[in-house]
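Structure record follows, encoded as structure tokens.
Residue numbers start from 1 in every chain, and the chains themselves are labelled A, B, ... in the order their sequence lines are given, proteins ahead of strands. On a predicted model such as this, the values are computed, not experimentally measured, just so you know.
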2 protein chains.
Amino acid sequence: MGGGHAADPVALPLTRSRGERADAARNRAHLIDVARRMVAELGVDKVTMDGLAERAGLGKGTVFRRFHTRAGIFFALFDEEEQRFQQRVMSGPPPLGPGAPAVERLVAFGRARLEFLAEHTALARAAFDPGRPNLVGDSPSLFHVQMLLSEACPDVAASGTLAVQLVAALEGPVLLYLQAPDDAPGPAPLIGTLADSWQVLVERVCDGGHTPGRSQ
Amino acid sequence: MGGGHAADPVALPLTRSRGERADAARNRAHLIDVARRMVAELGVDKVTMDGLAERAGLGKGTVFRRFHTRAGIFFALFDEEEQRFQQRVMSGPPPLGPGAPAVERLVAFGRARLEFLAEHTALARAAFDPGRPNLVGDSPSLFHVQMLLSEACPDVAASGTLAVQLVAALEGPVLLYLQAPDDAPGPAPLIGTLADSWQVLVERVCDGGHTPGRSQ
DNA sequence: TACATAAGCGGACTGTACCCCGCTTTGTCG
DNA sequence: CGACAAAGCGGGGTACAGTCCGCTTATGTA
């Protein structure tokens with residue numbers, strides 16, 4: 001192949017940016033759209049790759065090319081919500097957004113995050129791909145908690161592991177231990193209780209429980 | 001065989017639960033045995049239900065009857081290790097075992113648990129069944145942390161959610177965010193760092209950070 | 001020991017995630 | 001404008017988790 005008049009030894013493998021082709025982008029958007037509709041209509045675990053492909057009028061191979069795995073679809077869906085959430089965190093009103101002391105922001109972040117996860121539990125769990133780098137590994141949540149923690153108590157935040165553990169304390173219960181949203185009589189009060197515990201956790205970690213008679 | 005000179009006056013309640021037939025128990029033990037060998041030999045994700053059934057010389061239906069799901073097999077394997085671990089916690093030497101102050105026991109528990117999980121990451125992750133009650137929902141770990149927390153700071157432990165969050169902080173990073181055991185050059189130092197952070201977490205939560213003790 | 005009964009067993013069957021490779025479309029360069 | 005590569009597409013193929021139902025075997029009773 002190509003033995004003829006090869007003027008260029010290398011055909012510029014970097015000719016243009018690795019941007020995806022126009023039709024590919026269109027298909028991706030369409031797939032996400034159809035997927036969201038199917039999730040709303042059938043529920044997460046009734047959405048199959050075949051069904052999605054058929055209903056989108058595309059081949060199965062195309063679906064996998066875009067999203068790599070079944071979880072990948074739900075991750076894409078979840079990620080859209082995640083970005084909306086991030087928006088509120090980064091440029092919304094305090095104390096969730098900037099403009100409040102770090103500890104207050106951490107507390108507010110936890111509460112908001114719990115509500116967010118409670119609202120999107122099904123998606124978040126479906127987006128979880130066992131045996132993979134992972135969901136929260138490079139999540140904006142981790143980054144944000146790490147930042148606020150560094151501001152609130154730099155000594156303890158240095159290693160970075162504490163932030164990971166705090167994020168795990170926040171997300172783990174909802175992602176791992178809670179059951180389906182309509183399992184218990186009321187999920188809302190449980191979320192509220194988790195938020196309260198989170199507040200205790202954060203406040204005690206950050207200022208050591210307000211030691212009397214001794215300033216820090 | 002048997003009927004004639006059976007020396008068992010009473011069925012042993014520990015070895016045979018009511019209703020499980022002798023052959024069933026034998027098969028369960030055999031399956032677990034074969035499964036462990038296969039995990040050691042092929043790695044967790046190369047173990048299939050068909051393969052296990054065939055290599056055990058049993059039908060596939062039998063395997064599913066015993067363990068319900070693929071994760072169930074790894075859960076059974078993991079559970080055996082878990083029970084050995086529990087033994088150390090409940091009747092081993094302090095500070096992991098009884099005989100030390102609650103906070104010290106919590107710290108020791110965290111460190112031991114992290115090492116334990118690091119050693120059995122593959123099994124633990126494989127035992128995780130997405131869309132199920134769950135792994136840690138009624139785990140001995142949760143029970144134990146809840147108990148020690150109630151002893152160390154009853155005010156804060158009352159709701160029970162804080163214990164859940166602490167367990168999540170402990171187990172989440174290893175189960176969710178860490179990668180394969182041989183991914184990073186050294187998993188051991190990371191576990192050590194996590195253990196240090198855990199200590200900070202527990203000590204600050206329990207006595208609000210006015211610990212006059214040593215920092216190592 | 002022979003019988004009745006229920007627990008256990010096997011393996012064919014189904015549904016679905018994911019792979020593969022030849023064909024089509026898109027974008028670029030002469 | 002025409003042709004060439006590469007990126008994208010399609011859908012049949014594969015492997016595996018989990019189900020079903022008729023047959024087998026253990027166990028209590030006469």
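Of the N and O atoms on the side chains of B:Gln199 and B:Glu203, at least one donor lies less than 3.5 Å from an acceptor on the other residue.
No N or O donor and acceptor, one from the side chain of B:Arg21 and one from the base of D:dT27, sit under 3.5 Å apart. Evaluation of atom-type donor-acceptor distances gives no pair under 3.5 Å for the side chain of B:Arg70 against the base of D:dA17.
Taking the centre of each ring, A:Phe128 and A:Phe78 stay at or above the 6.0 Å mark. Between A:Phe116 and A:His120, a ring centre-to-centre spacing shorter than 6.0 Å is recorded.
Straight-line distance from the CZ atom of A:Arg26 to the P atom of D:dA7: 18 Å, rounded to whole Å. Computed from coordinates, the B:Met38 CE to D:dC16 C1' distance equals 13 Å when rounded to whole Å. If you take CD of A:Glu20 and C1' of D:dG8, they are 11 Å apart, rounded to a whole angstrom. One interatomic measurement links the two molecules: CZ of B:Arg66 to P of D:dG18, which rounds to 17 Å at whole-angstrom precision. In this entry the distance linking NE2 of A:His68 with P of D:dC9 reads 15 Å, nearest Å. Atom pair B:Phe67:CZ and C:dC9:C1' shows a separation of 15 Å (rounding to whole Å applied). Straight-line distance from the CE atom of B:Met49 to the C1' atom of C:dG10: 15 Å, rounded to whole Å. C:dG10 atom P lies 14 Å from atom CG of B:Asp50, rounded to whole Å.
Residues from residues 39-46 of chain B that place a heavy atom under 4.0 Å from any atom of DNA chain C: there are none.
Between B:Thr62 and the phosphate of C:dG10, there is a side-chain N or O to OP1/OP2 separation shorter than 4.0 Å. The phosphate of C:dG8 (OP1 or OP2) has no side-chain N or O of B:Asn27 nearer than 4.0 angstrom.
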Exercise for the section: Output, in order, the C-alpha distance, side-chain angles, deciding distance and verdict of side-chain contact (heavy atoms from CB on, under 4.5 Å) for B:Glu81 and B:Glu119. Expected result: CA-CA 10 Å; B:Glu81 309 294 331; B:Glu119 193 176 354; over 6 Å; no
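Side chain of B:Phe64, nearest nucleotide from D:dT19, D:dC9, D:dG12: D:dT19. Here the nucleotide nearest the side chain of B:Ala22, chosen from D:dG10, C:dC18, D:dA26, is D:dA26. In the set D:dG8, D:dG12, C:dG11, D:dG8 carries the atom at the smallest distance from any side-chain atom of A:Asp23.
In DNA chain D, the stems built from three or more successive Watson-Crick or G-U pairs (distances below 3.5 Å) are C:1-30 with D:1-30.
By the 4.5 Å heavy-atom criterion applied to side chains, B:Met38 and B:Val34 are counted as neighbours. Proximity of B:Leu194 to B:Ser197: side-chain heavy atoms (C-beta onward) are nowhere separated by under 4.5 Å. Side-chain contact between B:Glu20 and B:Arg28: present, with at least one pair of heavy atoms (C-beta onward) separated by less than 4.5 Å.
When atom types are taken as modelled, the side chain of A:Trp198 and the backbone of A:Leu106 share a donor-acceptor pair closer than 3.5 angstrom.
Electrostatic pairing of B:Arg70 and B:Asp129 does not count as a salt bridge here, judged by no charged N lying under 4.0 Å from a carboxylate O. Electrostatic pairing of A:Arg55 and A:Glu41 counts as a salt bridge here, judged by a charged N lying under 4.0 Å from a carboxylate O.
When each of B:Leu58 and A:Thr48 is assigned the nucleotide of DNA chain C with its nearest heavy atom, B:Leu58 is the one assigned upstream, toward the 5' end.
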